[in-house]
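Since the structure comes first, as structure tokens, the remarks are kept for the end.
All heavy atoms count here, side chains included; hydrogens, waters and symmetry mates do not. It should be emphasised that the depicted structure is a prediction, and the values quoted were computed from it without experimental measurement.
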Amino acid sequence: MDRNKFSAIAHKNHSFYNPVNPAKIDNVVEILSLTANDKVIDIGAGKGEILLRIIEKYSSNCIAIEQYSNFVEQLKENAKNRGTLNNIEVLNQDANLAIKTLNQEFKVGICIGSSHALGGYQDTIESLKNIVVKGGYILLGELYWRKKPDKEYLHSFGVKEEEILYHSQNIFTAEDYGLIPLWSTVANEDDFDAYEWLYSKSIEDYCYMTPEDPDCPAMLGKIRSWREMYLKWGRDTLGFGLYLFRNV
């Protein structure tokens, strides 16, 4: 089973590939207060929804870095349908390689739920600091622990406790790299439930309607284990936050 295929199906009906309510994302887009001359980059852009909203509001010029080709095609199609294609350049490359080829500076650097693409949270901060102008913005979206995770949850999730920080630590860590925190919000329980149940339903629906796909048994096994893990532990233990910083 292809991991990216699973993710594409599971997120088919999501605007964003994270559990934050879209109204909260619109809020941070408003806070950015950009102009048409500003340049914005998004690492692990997925469908590119936040960039499309930025373009629609400000007509800024944007670069989306996305390694999975199916997401890239959907991003381009979405941009074409919304009349924003001329304002966005899509790099279908590994983020670590693509970011080293850029010879321009950006007003805003975004990485929401994709810090793994640059080696982790701290590495993402360092990479974005290098390409965002002084006084510009860095917008990050990251998991955090709402409480100490059970050992059984860590085993099922396949992560070590130290790989995910607490909400305050996500902010303090960025401050250690010289960033100034300006704004933050988190996904609440309703946000998470809406995200997780739609994520689960999309796989269940796909396999119900397309039982001939040989990947369906593996996909159903994966989503049902994930759903059980979310209900037993994740709903009370795992959080997701958006963090806006100024680069100084």
Side-chain angles (χ1 to χ4, degrees), residues 3-4 7 16-18 20 25 28-29 31-32 34 37-55 58 60-69 71-72 75 87-144 159-160 162-186 240-248:
R3 177 178 179 270
N4 287 320
S7 181
F16 296 97
Y17 291 3
N18 69 78
V20 176
I25 296 178
V28 73
V29 170
I31 290 171
L32 291 174
L34 301 174
N37 293 323
D38 290 324
K39 296 179 181 178
V40 182
I41 187 168
D42 187 6
I43 310 297
K47 298 177 185 179
E49 182 63 28
I50 192 169
L51 293 183
L52 300 185
R53 296 190 185 199
I54 286 172
I55 295 168
Y58 300 113
S60 301
N61 291 307
C62 299
I63 291 180
I65 297 178
E66 174 55 56
Q67 188 171 16
Y68 183 42
S69 58
F71 291 166
V72 167
L75 192 164
N87 291 74
I88 190 165
E89 178 185 356
V90 184
L91 303 181
N92 184 197
Q93 299 174 4
D94 175 87
N96 265 314
L97 297 177
I99 205 168
K100 293 174 183 176
T101 67
L102 300 172
N103 57 1
Q104 54 187 305
E105 291 186 312
F106 298 87
K107 178 70 173 183
V108 183
I110 301 171
C111 185
I112 299 176
S114 296
S115 61
H116 58 276
L118 291 173
Y121 186 56
Q122 289 90 338
D123 289 335
T124 297
I125 292 171
E126 285 193 298
S127 294
L128 291 179
K129 275 180 64 69
N130 290 332
I131 62 171
V132 171
V133 298
K134 298 298 182 184
Y137 299 111
I138 292 176
L139 177 61
L140 304 174
E142 198 72 11
L143 294 169
Y144 68 87
V159 301
K160 298 177 181 179
E162 60 270 19
E163 291 175 356
I164 297 174
L165 304 176
Y166 287 83
H167 176 57
S168 60
Q169 291 176 316
N170 281 336
I171 297 172
F172 298 154
T173 296
E175 286 185 302
D176 289 341
Y177 282 86
L179 301 183
I180 306 298
L182 300 177
W183 174 92
S184 178
T185 192
V186 301
F240 190 92
L242 290 182
Y243 308 93
L244 181 66
F245 302 97
R246 176 173 288 123
N247 189 31
V248 295

Next item on the list: First locate atom CH2 of W183, then atom OH of Y243, and finally report the distance between them rounded to the nearest 0.5 Å.
Entry: 10.5 Å
Check: Short question: side chain of Y58, backbone of V29 - any donor-acceptor pair under 3.5 Å?
Finding: yes
Next item on the list: Calculate, to the nearest 0.5 Å, the distance between atoms CD1 and OG belonging to I88 and S60 respectively.
Entry: 11.5 Å
Checklist line | N92 side chain vs Q67 backbone, donor-acceptor pair below 3.5 Å | finding: yes
Item checked: Check: G46 main-chain N/O paired with E66 side-chain donor or acceptor under 3.5 Å -> yes
Check: Roughly how far, to the nearest 0.5 Å, is CG of L242 from OG of S184?
Finding: 7.0 Å
Check: What is the ring orientation for F71 with Y68, classed by angle as parallel under 30°, tilted 30 to 60°, or perpendicular over 60°?
Finding: perpendicular
Output a table of donor-acceptor pairs, distance under 3.5 Å, between side-chain atoms of residues 94-109 and any protein atom two or more places apart or on a different chain; print 'none' if there are none.
unit_1: D94; atom_1: OD2; unit_2: N96; atom_2: N; d: 3.0
unit_1: D94; atom_1: OD2; unit_2: L97; atom_2: N; d: 3.1
unit_1: N96; atom_1: ND2; unit_2: A117; atom_2: O; d: 3.3
unit_1: T101; atom_1: OG1; unit_2: A98; atom_2: O; d: 2.7
unit_1: Q104; atom_1: OE1; unit_2: K39; atom_2: NZ; d: 3.3

Check: If we ignore angles and hydrogens, is there a donor and acceptor under 3.5 Å between the side chains of Y144 and N170?
Finding: no
Next item on the list: Calculate, to the nearest 0.5 Å, the distance between atoms CG and CD1 belonging to L32 and I50 respectively.
Entry: 7.5 Å
Next item on the list: Can you measure from CG (L140) to CD1 (I171) and round to the nearest 0.5 angstrom?
Entry: 11.0 Å
Notebook entry, point to check: Taking L165 as the fixed residue, which of E162, H167, Q169, E163 is the one that meets the side chain to side chain contact (heavy atoms under 4.5 Å, CB included) rule?
Noted result: Q169
Note to self: Quiz question: by atom type and distance under 3.5 Å, do the side chains of T173 and Q122 form a donor-acceptor pair?
What the structure shows: no
Margin query: Please report the interatomic distance CD1(I43) to CG(L139), rounded to the nearest 0.5 Å.
Written below: 12.0 Å
Notebook entry, point to check: With F16, which residues qualify under ring pair (Phe, Tyr, Trp, His ring centres under 6.0 Å), at least two apart?
Noted result: none
